[in-house]
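Quick notes on the structure that follows.
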Amino acid sequence: MSLMPIAMKIDLAKELAEELNIEEVFSFKVGGMTVSVDESTVVSVIITVVMTLLALVLTRNLKVEGEITKRQACLEMLYTKFEGFFKGMLEPKAYRYIPWLMSVALYIGVANIIGLFGMKPPTKSMQVTAVLAVTSIVLVEYAGIRAKGFGGRLKAFAKPIWIITPINILELFTKPMSLCMRLFGNVLAAFTIMELIKIVTHNVIIPIIPSLYFDIFDGILQAYIFVFLTTIYIGEAVETPEEEPKEKKKKHRKIKAKA
């Protein structure tokens, strides 16, 4: 009987345990409470600081009039493309949320590919993906309340028919769970596949190509899926029923008058 499958299983389980283990970097006390700062928090702060500094550098000396630089032209083209994508899915009253959606997409995209620089991606921590998911759903509900009012948002749970109200309320919990588990699960699945390739091939060079695929393409794809679903949820939350045509309204009034 070969012990290879057992050894592979043990090695993979060990690698997964190490990858999922979020180490504490440092801790400090506030009053009588100890605050622990782990790897995912530190890497997230690094990503945020680097992205902020990069944004400040790239947006220096931008012009509103006159001849613009190639840098500004490139930035404007990228922003227009992203903005057009979101505007195609949202109503005009929801355009205010586009900058937030862009920021989340950039953060998740960078967080997923940061493994190429020797850091553990924050999205391998379920705490990070859960916070992103909950934040998204809070924004969705805020957008719905802002667009329809608190009463109007509550009434929306009874649409299209009152009997499915419990299902619509349940979505308040299933949507963030879906966003969280989808992002975390796909990132973890990519790592698992890479470890399997390494174990099967017994080679360090061969896994480089699929590693680049999972670290770059799949990482960016997961960022796209996350913001795509969030955009759909915001669109549904701010959506208002179409008003009845004027002819139909007049007909209703005549019927009521005759009655």
Heavy-atom neighbours of Phe82 CZ exceed 12 at 6.0 Å: no

Is there side-chain contact between Met126 and Met181, with at least one heavy-atom pair below 4.5 Å? yes

A cation-pi test, strictly: NZ or CZ of Arg153 under 6.0 Å from the centre of the six-membered ring of Phe157 and no more than 45 degrees from its axis. Yes or no? yes

List the atom pairs, with distances to 0.1 Å, where a side-chain N or O of residues 88-95 and a protein N or O form a donor-acceptor pair under 3.5 Å, not counting sequence neighbours.
unit_1 : atom_1 : unit_2 : atom_2 : d
Lys93  : NZ     : Val238 : O      : 3.1

Look at the rings of Phe85 and Tyr224 and say which category their plane angle falls in: under 30° parallel, 30 to 60° tilted, over 60° perpendicular. tilted

Any side-chain heavy-atom pair from Ile68 and Glu76 closer than 4.5 angstrom? yes

How about Pro99 and Phe86: do any of their side-chain heavy atoms sit closer than 4.5 Å? no

With heavy-atom distances below 4.5 Å as the criterion, would you say the side chains of Glu171 and Thr174 are in contact? yes

With a 4.5 Å heavy-atom cut-off, do Thr135 and Trp100 have their side chains touching? yes

Inter-residue atom distance Thr230.OG1 - Leu132.CG, 0.5 Å rounding: 9.0 Å

Working for side-chain hydrogen bond (donor to acceptor under 3.5 Å, both in side chains), residues Asn168 and Thr165: CA-CA 5 Å; Asn168 288 335; Thr165 300; 5.5 Å; no

A quick test of your reading: do over 12 heavy atoms of other residues, nucleotides or ligands sit less than 6.0 Å from CD1 of Ile163? no

